[in-house]
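First comes the structure, then the notes that go with it.
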2 protein chains.
Amino acid sequence: MDDSDRGAGQAARPKRADARRNKETLLDAAAAIFVTSGVEAPVRDIAAKAGVGTATIYRHFPTRADLIIAVYRHQVDACAEAGPALLATSPTPHVALGRWVDLFVDFLVTKHGLAAALQTDNAGFETLHAYFLDRLLPVCAQLLDAAAASGEIRPDLNAYQLMRGVGNLCIGADSDPRYDARRLVGLLVAGLRQPREP
Amino acid sequence: MDDSDRGAGQAARPKRADARRNKETLLDAAAAIFVTSGVEAPVRDIAAKAGVGTATIYRHFPTRADLIIAVYRHQVDACAEAGPALLATSPTPHVALGRWVDLFVDFLVTKHGLAAALQTDNAGFETLHAYFLDRLLPVCAQLLDAAAASGEIRPDLNAYQLMRGVGNLCIGADSDPRYDARRLVGLLVAGLRQPREP
DNA sequence: GAGTAAGCGGAACCATGTCCCGTTTGACGA
DNA sequence: TCGTCAAACGGGACATGGTTCCGCTTACTC
């Protein structure tokens, strides 16, 4: 599952061995740089760290979003797969939703600048936004529907808005010790709860 | 109250008439550009619109934050002043808090890119962040304290976190019809409510 | 009306994203 | 093993946008 280029899917794999090696090297370099300088680090820095020219980055990852997606794909997948599992093992759907959102928040707040990149309307990041949505929105919707069906929460907020809200709340959560995104997200999810049956 | 340079405070007023005129012109131009291109619009665009050189902008407004603050100062002041008034005229402190937050959200979502600029950690925007905090945090704290004192909400969230949360939720609220920041903020404030006395 | 310094404009400089082009090199058939 | 050649490479060129510098203009003072 970690040799993403080989075989399945419509992704064409590079023919030359050095190309594949460079792609790996770039992924490692990018991951390292993202940790220290955030996901908006200069392209040249990543290229330098990997010991390649800038064009090589663009050849393998046409947009920055492609690079970010490639670096975090496994973790996003893991988050997506955790959804149904949580639903199955949690006492109630609302608890499952809360746990899953916590997972998502933990992922986001540890990736310097990722939450901001997700929400920015700069060109070139729609792909990133779209990827996250594509991968996580169905999971979120499933949890939300289950919680709504059980009557625990008000049924009138769609998954998209919840995901955006959570993502937004995570912006800048690192780099500001006074701000606790988990807390705020917790309040937001609490606000979802059905006041009571009248 | 609209000739901000004259007289009071420690703000030095430009001596020459053309300088004062240019400052006004720049404020008008910036306000117009902000509406169409957002608060991150290129400096050259604003200068061009005002018919001045770029250096003139930097002479009057050393950082972009200074310009943004100058453009929106009146509206921020109005929002700050509305706080105590709402507290006095609303049925309960929690209602006052909700109304005030709505006011703030309405302000933010109509200023393209302002919420994002407030939260970005790019250098040069700390001043902006600081100004908003300086002006609005005390008001928010007053409302929050009143609501906590009345027992309507849990008392353990400070005003800073609330403001950041609200600000964050407003990011990108324009430019995405599927996302309704007012709604999400409403849920957040609802989540603040005391569950019940046990 | 002349002197002077505040203020001005725009060119210059720097950082960064993006693209192009001449060169290198891995893959493969002879 | 060696020759061929297109894939892949590197780094320089270009575009954009923020910031600063410098020679010129002009509003104020006397």
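As a basis for the values below, the full set of heavy atoms in this structure was taken, side chains included, without hydrogen atoms, waters or symmetry mates. Order of the sequence lines fixes the chain letters, A, B, ..., with proteins taken first and strands second; residue numbering starts at 1 for each chain.
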> Hey, are the side chains of A/Leu143 and A/Arg99 touching, using non-hydrogen atoms and a 4.5 Å cut-off?
Replying inline: no
> Heavy atoms, side chains only, cut-off 4.5 Å: are A/Met163 and A/Val139 in contact?
Replying inline: no
> Where does the angle between the aromatic ring planes of A/Phe132 and A/Phe104 fall among parallel (under 30°), tilted (30 to 60°) and perpendicular (over 60°)?
Replying inline: tilted
> Quick one: B/Asn122 CG to C/dT16 P, roughly how many Å, whole number?
Replying inline: 12 Å
>> Nearest whole Å is fine: how far is D/dG17 P from B/Asp45 CG?
In response: 7 Å
>> To check you understand the geometry: which heavy-atom pair defines the closest contact between B/Val43 and B/Arg64, and what is its length?
In response: CG2-NH2, 3.5 Å
>> Rounded to whole Å, please give me the gap between CD1 in B/Ile57 and P in D/dG17.
In response: 14 Å
> Does a donor on one side chain sit under 3.5 Å from an acceptor on the other, for B/Asn22 and B/Thr25?
Replying inline: no
>> Starting from B/Leu118, can I reach B/Ile68 by hopping between I/L/V/M/F/W/Y residues whose side chains sit under 4.5 Å apart?
In response: yes
>> Could you tell me how far apart B/Tyr58 (OH) and D/dC22 (P) are, to the nearest whole angstrom?
In response: 18 Å
>> Closer than 3.5 angstrom, by distance alone: can the side chain of B/Tyr179 be matched with the main-chain N or O of B/Leu169 as a donor-acceptor pair?
In response: yes
> Between B/Glu40 (CD) and D/dT16 (P), how many Å, whole number?
Replying inline: 19 Å
> At what angle, to 10 degrees, do the two end axes of the helix from C/dG1-D/dC30 to C/dA30-D/dT1 meet, given five pairs define each axis?
Replying inline: 0°
> Taking only residues two or more places apart in sequence, or in another chain, which ones meet B/His60 in a side chain to side chain donor-acceptor pair (under 3.5 Å)?
Replying inline: none
>> Output the rounded distance in Å from CG (A/Asp66) to P (C/dG17).
In response: 15 Å
> Which whole-number value in Å describes the distance from B/Arg21 CZ to D/dT26 C1'?
Replying inline: 11 Å
> When you check every protein heavy atom under 4.0 Å of nucleotides 4-14 of chain C, what one-letter string (B, S, -) results, 5' to 3'?
Replying inline: --BSBBBBB--
